Amino acid sequence: MGITTRDDAAAYRLNDGKIILQTVDFFTPVVDDPFTYGQIAAANALSDIYAMGGRPLTALNIVAFPCQMGDIFVEVLRGGIAKVEEAGALVVGGHSIEDKEPKYGLSVTGLVEGGQLKLNSQAKAGDLLVLTKPIGFGILATALKRGIISEANMSEAIDGAVTLNKNASAAMVSADADAATDISGFGLIGHLFEMMKASKTAALLNATKIPIWKRSLKLANEGCVPGGTVRNRSFFGNSVELTTPAAEALDDILFDPQTSGGLLIAISPEKIDVLLSLLNQAGVERYAVIGEVVSEETVRIEVK
C-alpha cells in the first residue's frame, strides 16, 4: 500500500507474513527548547508506525539548519535519539543540509504482523471513536511563537506531544480495533474525514466529549489560530456540520493542525470496555470516546 489508500504509512508485505512500514515527517520548531523540539519531532514521526499497529525498528535523521546553529542542533538530535530509543528503535544515520530555517524529523521503518495491521479504511458503521490525546496544540504553538504565552503556560500540552503513542497503539491492537489513524497536520476533522472517506462511512461527534488542551479555546476565541487552521477548513469544511452552540464554539479547535497528536481509533461497542481498560492500564490518561461511525452514502461529519 502506498499513498492511494489514505493510510499513515506505506506497507510492504514480506514473504513470511510480516509487513514493513515506512513513513517520514519533519517540520520547523514548535517550541523554543531544542531538546524538547527534537523529542516532539521524533514522537510525531514515530506516530505513523503506531497508528498502523506496528513497532518502529530504525530511523534516519532529516536535518536542515543554519551553520551557526550547529551547537543548538546537537541538542535537537539528542532529543530525537532519546525518543527513538524510548520507542525501542535505533537511529541508524540520516542526512543534513544547510538551510536558513531549521527543520528536523525522521524517516522511520517499522514492522507489523499481518493480522495486526490497522488501516484507516476499515471503520464500520456502529463503531465508537476514541481519541487518545487532547487537541489544540497548534493554537498553543502559535501563541508561543507570537509571544503571547510561554512554554510553562503550555507544559501539559508539551508533555502530551513528547509522549509516544506506543502504549495507545498496543492497547488498540490487543483490543482488536477495526481502524486507526493519528491526528497531525490535518487536524481532528481532516484525519477523521480521511478515515471516513477511505471507509465509505460518516461520523457523528459529541462536542462536549472532545478533550482540548488548557488555554487553547480561550486563545482561539482571541483570534490566535495558525494558518493551517484556515487551510484545513478550506479543504474539509464543506463536509462538516456544526449543529449546536457547543460544536460552534470548537470550530477553530476542530480544524487545528496538531503536532504529535493522539490516535483516533474506531472500535466496535462490544470491545470498547476492553480498549478503555487497556488504555487505563497503560497509563494513557487523556483519552475520550468522542463519537461514532454511521452509515451514510455521503462522507459527512456532524458535530453536535
Side-chain angles (χ1 to χ4, degrees), residues 25 27-47 50-51 75-76 79-80 82-83 86-87 104 129-169 171 182-189 191 205-226 228-229 232 246 249-265 276 279-290:
D25 210 322
F27 47 78
T28 57
V30 291
V31 293
D32 295 328
D33 181 72
F35 186 84
T36 303
Y37 165 43
Q39 286 186 301
I40 293 174
N44 182 76
L46 293 162
S47 185
Y50 291 131
E75 289 301 300
V76 176
K83 197 52 58 172
E86 181 184 334
Y104 174 66
L129 293 167
V130 180
L131 181 64
T132 65
K133 290 182 186 179
I135 56 176
F137 187 90
I139 291 168
L140 293 170
T142 298
L144 179 65
K145 288 180 180 179
R146 295 179 183 178
I148 299 173
I149 63 172
S150 66
E151 287 189 7
N153 297 140
M154 57 180 293
S155 59
E156 182 185 35
I158 290 174
D159 288 345
V162 302
T163 298
L164 295 174
N165 282 320
K166 179 179 180 179
N167 291 343
S169 177
D182 70 327
I183 307 302
S184 52
F186 290 159
L188 175 61
I189 290 296
H191 289 284
L205 300 184
N206 186 333
T208 64
K209 300 295 185 181
I210 298 172
I212 60 176
W213 292 119
K214 192 182 303 181
R215 293 187 173 87
S216 59
L217 183 57
K218 180 178 182 294
L219 287 164
N221 290 336
E222 294 171 354
C224 183
V225 296
T229 300
N232 286 341
L250 293 184
D251 188 3
D252 288 326
I253 302 283
L254 295 170
F255 293 98
D256 183 48
Q258 303 304 289
T259 301
S260 190
L263 300 183
L264 180 64
I265 302 167
L276 300 187
L279 289 173
N280 281 326
Q281 293 173 30
V284 181
E285 299 177 348
R286 296 296 303 275
Y287 68 83
V289 181
I290 64 170

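Predicted, not measured: the structure shown is a model, and the values here were computed from it. We count residues from 1, following the sequence as given. We use all heavy atoms of the structure for the numbers below, so side chains are in, but hydrogens, waters and symmetry mates are not.
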Item checked: Gap separating the CD1 atom of I139 from the CG atom of L217, nearest 0.5 angstrom -> 8.0 Å

Notebook entry, point to check: How many angstroms lie between atom CZ of R286 and atom OG1 of T163, to the nearest 0.5 angstrom?
Noted result: 11.5 Å

Item checked: side chain to side chain contact (heavy atoms under 4.5 Å, CB included) evaluation trace for K209 with V289 -> CA-CA 7 Å; K209 300 295 185 181; V289 181; over 6 Å; no

Notebook entry, point to check: For A82 and F35, which heavy atoms make the closest approach, and how far apart are they?
Noted result: CB-CZ, 4.1 Å

Checklist line | N232 side-chain N/O to G185 backbone N/O, donor-acceptor pair under 3.5 Å | finding: yes

Check: Judged by atom type as modelled, is there a donor-acceptor pair below 3.5 Å linking the side chain of T132 to the main-chain atoms of L263?
Finding: yes

Checklist line | Gap between atom CD1 of I40 and atom NZ of K83 - 0.5 Å precision | finding: 9.5 Å

Notebook entry, point to check: Looking at I253 and A220, what are the two nearest heavy atoms and their distance?
Noted result: CD1-CB, 4.5 Å

Next item on the list: Return the minimal non-hydrogen interatomic distance between L140 and R215, and the atom names on each side.
Entry: CD2-CB, 4.1 Å

Item checked: CG on L254 to CG on L205, rounded to 0.5 Å -> 7.5 Å

Next item on the list: Might you point out which heavy atoms bring K133 and G160 nearest each other, and give the distance in Å?
Entry: NZ-O, 2.7 Å

Note to self: Has N165 got a side-chain atom pairing as donor or acceptor with G261's backbone, closer than 3.5 angstrom?
What the structure shows: yes

Notebook entry, point to check: Rounded to the nearest 0.5 Å, how far does CZ of F186 lie from NE2 of H191?
Noted result: 6.0 Å

Margin query: Looking at every non-hydrogen atom in both residues, tell me the closest pair between A161 and T259 and how far apart they are.
Written below: CB-O, 4.0 Å

Margin query: Restricting to non-hydrogen atoms, name the atom on P226 and the atom on T142 that form the minimum distance, rounded to 0.1 Å.
Written below: CB-OG1, 3.2 Å

Note to self: Looking at Q258 and F137, would you say the former's side chain and the latter's main chain have a donor-acceptor pair under 3.5 Å?
What the structure shows: yes

Notebook entry, point to check: Between D256 and I135, is a side chain to side chain contact (heavy atoms under 4.5 Å, CB included) present by the stated rule, with each step listed?
Noted result: CA-CA 8 Å; D256 183 48; I135 56 176; 5.7 Å; no

Next item on the list: Give the C-alpha distance, both sets of side-chain angles, the deciding distance and a yes or no for side chain to side chain contact (heavy atoms under 4.5 Å, CB included) between D182 and Y50.
Entry: CA-CA 8 Å; D182 70 327; Y50 291 131; over 6 Å; no

Check: Can you check whether I290 reaches L264 side chain to side chain, under 4.5 Å on heavy atoms?
Finding: yes

Notebook entry, point to check: How far apart are the C-alpha atoms of N44 and S47, what are their side-chain angles, what is the distance that settles it, and do they pass the side-chain hydrogen bond (donor to acceptor under 3.5 Å, both in side chains) test?
Noted result: CA-CA 5 Å; N44 182 76; S47 185; over 6 Å; no

Note to self: Could you measure the distance from the CD1 atom of I158 to the CD atom of E151? Nearest 0.5 Å is fine.
What the structure shows: 4.5 Å

Notebook entry, point to check: For Y104, does its backbone N or O pair with a side-chain atom of Y37 as donor and acceptor, under 3.5 Å?
Noted result: yes

Note to self: Please enumerate all residues that pass salt bridge (charged side-chain N to carboxylate O under 4.0 Å, His left out) together with D251, with sequence neighbours excluded.
What the structure shows: R233

Check: Would you say the side-chain atoms of K214 pair up with the backbone N or O of E156, donor to acceptor, closer than 3.5 Å?
Finding: no

